[in-house]
Amino acid sequence: MKRDIKKEAEKIIHMFPRINSETDPYKVLVETVLSQRTKDENTEKAFKSLFSRYKNVFEISKLNPEELYDLIKPAGMYRQKSERIINISRILIEKYNGEVPDELEELIKLPGVGRKTANIVLYVSFGKEALAVDTHVHRISNRLGWVETKTPEETEVQLKKIIPSELWGPLNGSMVNFGQRICKPISPKCMECFLNEVCPSKRVYKNKSR
DNA sequence: AAAACGGGGGC
DNA sequence: GCCCCAGTTTT
């Protein structure tokens with residue numbers, strides 16, 4: 001079976017689309033910070049309770065971290081995240097006129113914003129061709145044999161060489177969904193996987209827990 | 001390189 | 001009861 005990585009990526013995107021209903025840059029930024037190491041369901045609870053109580057960057061910038069604890073608690077790491085969200089809000093007002101910058105170099109200066117969070121904002125809110133390499137993208141790309149890498153940084157460099165840039169953005173969310181449903185960290189469902197004919201890791205995972 | 005943050009859910 | 005989750009920062 002001849003490999004066509006672009007086709008495989010397109011198939012993953014088609015079968016596991018991720019709908020980003022929210023595109024407001026500030027809300028996407030806050031939502032993505034809340035989502036770090038946190039399941040979607042819990043992220044959503046925290047996000048909704050936060051923005052049903054407070055409206056925008058100006059209101060949130062004036063709060064003390066303690067005032068956010070109970071609102072965002074379902075997302076976990078709520079002390080860190082509360083402080084970061086408020087500090088981010090203050091910096092946006094002081095340095096960026098209350099707007100979210102649309103450059104990677106500026107975004108990653110914000111507290112609690114690394115490459116992954118920044119790239120998600122760049123794609124979802126600004127429509128840029130940004131590849132956000134998280135644990136799912138890193139794990140799946142290696143399992144499929146698209147790359148052979150040790151770190152997410154390496155994965156980002158190698159993936160960008162073999163995946164057309166117009167697929168980078170959609171691939172972000174689709175790899176997460178694919179990773180949650182099929183290509184799971186533990187006990188992946190290789191027998192249900194539509195790529196199991198070409199996947200070099202299939203035999204390894206078949207009938208095994210890892 | 002490893003630890004720390006963290007509630008909620010899967011197994 | 002133990003482990004993991006759209007990571008990032010600090011030690």
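No hydrogens, no waters, no symmetry mates; every other heavy atom, side chains included, goes into these values. In what follows, every chain begins at residue 1, and chains take the letters A, B, ... in the order their sequences are listed. This one's a predicted model, so the numbers in the text were calculated from it and none came from an experiment.
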What contact category does Ala75(A) fall into here, base, sugar-phosphate, or nothing, at under 4.0 angstrom with non-hydrogen atoms?
base

Consider only side-chain N and O atoms of Ser125(A) and Tyr26(A), and report whether a donor and an acceptor are under 3.5 Å apart.
no

Taking atom P of dT8(C) as reference, at what distance in whole Å does atom CD of Glu83(A) sit?
17 Å

Take Glu41(A) and Lys81(A), find for each the nucleotide of DNA chain B with the closest heavy atom, and name the residue whose nucleotide sits nearer the 5' end.
Lys81(A)

Expressed in whole Å, how much space separates the P atoms belonging to dG1(C) and dG6(B)?
23 Å

What's the gap between dT9(C) and dG8(B) when it is taken at their C1' atoms, as a whole Å value?
23 Å

Rounded to whole angstrom units, what separation is found between the CZ atom of Arg84(A) and the P atom of dT8(C)?
9 Å

Please state how far atom OH in Tyr69(A) lies from atom P in dG6(B), giving the value in whole angstrom units.
8 Å

When you check the phosphate oxygens OP1 and OP2 of dC4(C), does a side-chain N or O of Arg37(A) lie under 4.0 Å from one of them?
no

At less than 4.0 Å, is any side-chain N or O atom of Thr117(A) found next to OP1 or OP2 of dT8(C)? Yes or no.
yes

With a non-hydrogen cut-off below 4.0 angstrom, is Val33(A) in contact with a base, only sugar-phosphate, or nothing?
nothing

So among Val147(A), Val133(A), Asn142(A), which one has a side chain to side chain contact (heavy atoms under 4.5 Å, CB included) with Gln158(A)?
Val147(A)

Could you check whether Thr149(A) and Thr155(A), counting side-chain N and O atoms only, form a donor-acceptor pair closer than 3.5 Å?
yes

Tyr78(A) side chain near dC5(B) phosphate (N/O to OP1/OP2, under 4.0 Å):
no

Atom CD1 of Ile120(A) and atom C1' of dT8(C): how far apart are they, to the nearest Å?
13 Å

How many Å lie between CD1 on Ile186(A) and P on dG9(B), as a whole number?
19 Å

Classify the nucleic acid contact of Asn177(A) as base, sugar-phosphate or nothing, counting any heavy atom under 4.0 Å across all strands shown.
nothing

So that I can tick it off, tell me whether Glu105(A) and Lys109(A) are bridged by a salt bridge, with the cut-off set at under 4.0 angstrom between side-chain N and carboxylate O.
no

Taken to the nearest whole Å, CD1/Ile72(A) to C1'/dC5(B) is 12 Å

Asn172(A) or Ile108(A): which one's nearest nucleotide on DNA chain C is closer to the 5' end?
Asn172(A)

Given DNA chain C, 5'-ward residue of the pair Thr32(A) and Leu110(A), judged by closest heavy atom
Thr32(A)

Does Thr38(A) make a side-chain donor-acceptor contact with the base of dG6(B), cut-off 3.5 Å?
yes

Using heavy atoms to find the nearest nucleotide of DNA chain B for Arg79(A) and Lys45(A) separately, return the residue whose nucleotide is more 5′.
Arg79(A)

So what does Thr135(A) touch, heavy atoms closer than 4.0 Å: a base, only the sugar-phosphate, or nothing?
sugar-phosphate

Separation of atom CG in Asn119(A) from atom C1' in dT8(C), rounded to whole Å
14 Å

Base, sugar-phosphate alone, or nothing: which one does Lys39(A) contact when heavy atoms must sit under 4.0 Å apart?
base

Establish, yes or no, whether the cationic atom of Lys11(A) lies under 6.0 Å from the six-membered ring centre of Phe194(A) and within 45° of the ring axis.
no

Is a side-chain donor-acceptor pair under 3.5 Å present for Glu129(A) with Ser165(A)?
yes

Separation of dT8(C) C1' from Ile85(A) CD1 (nearest whole Å)
14 Å

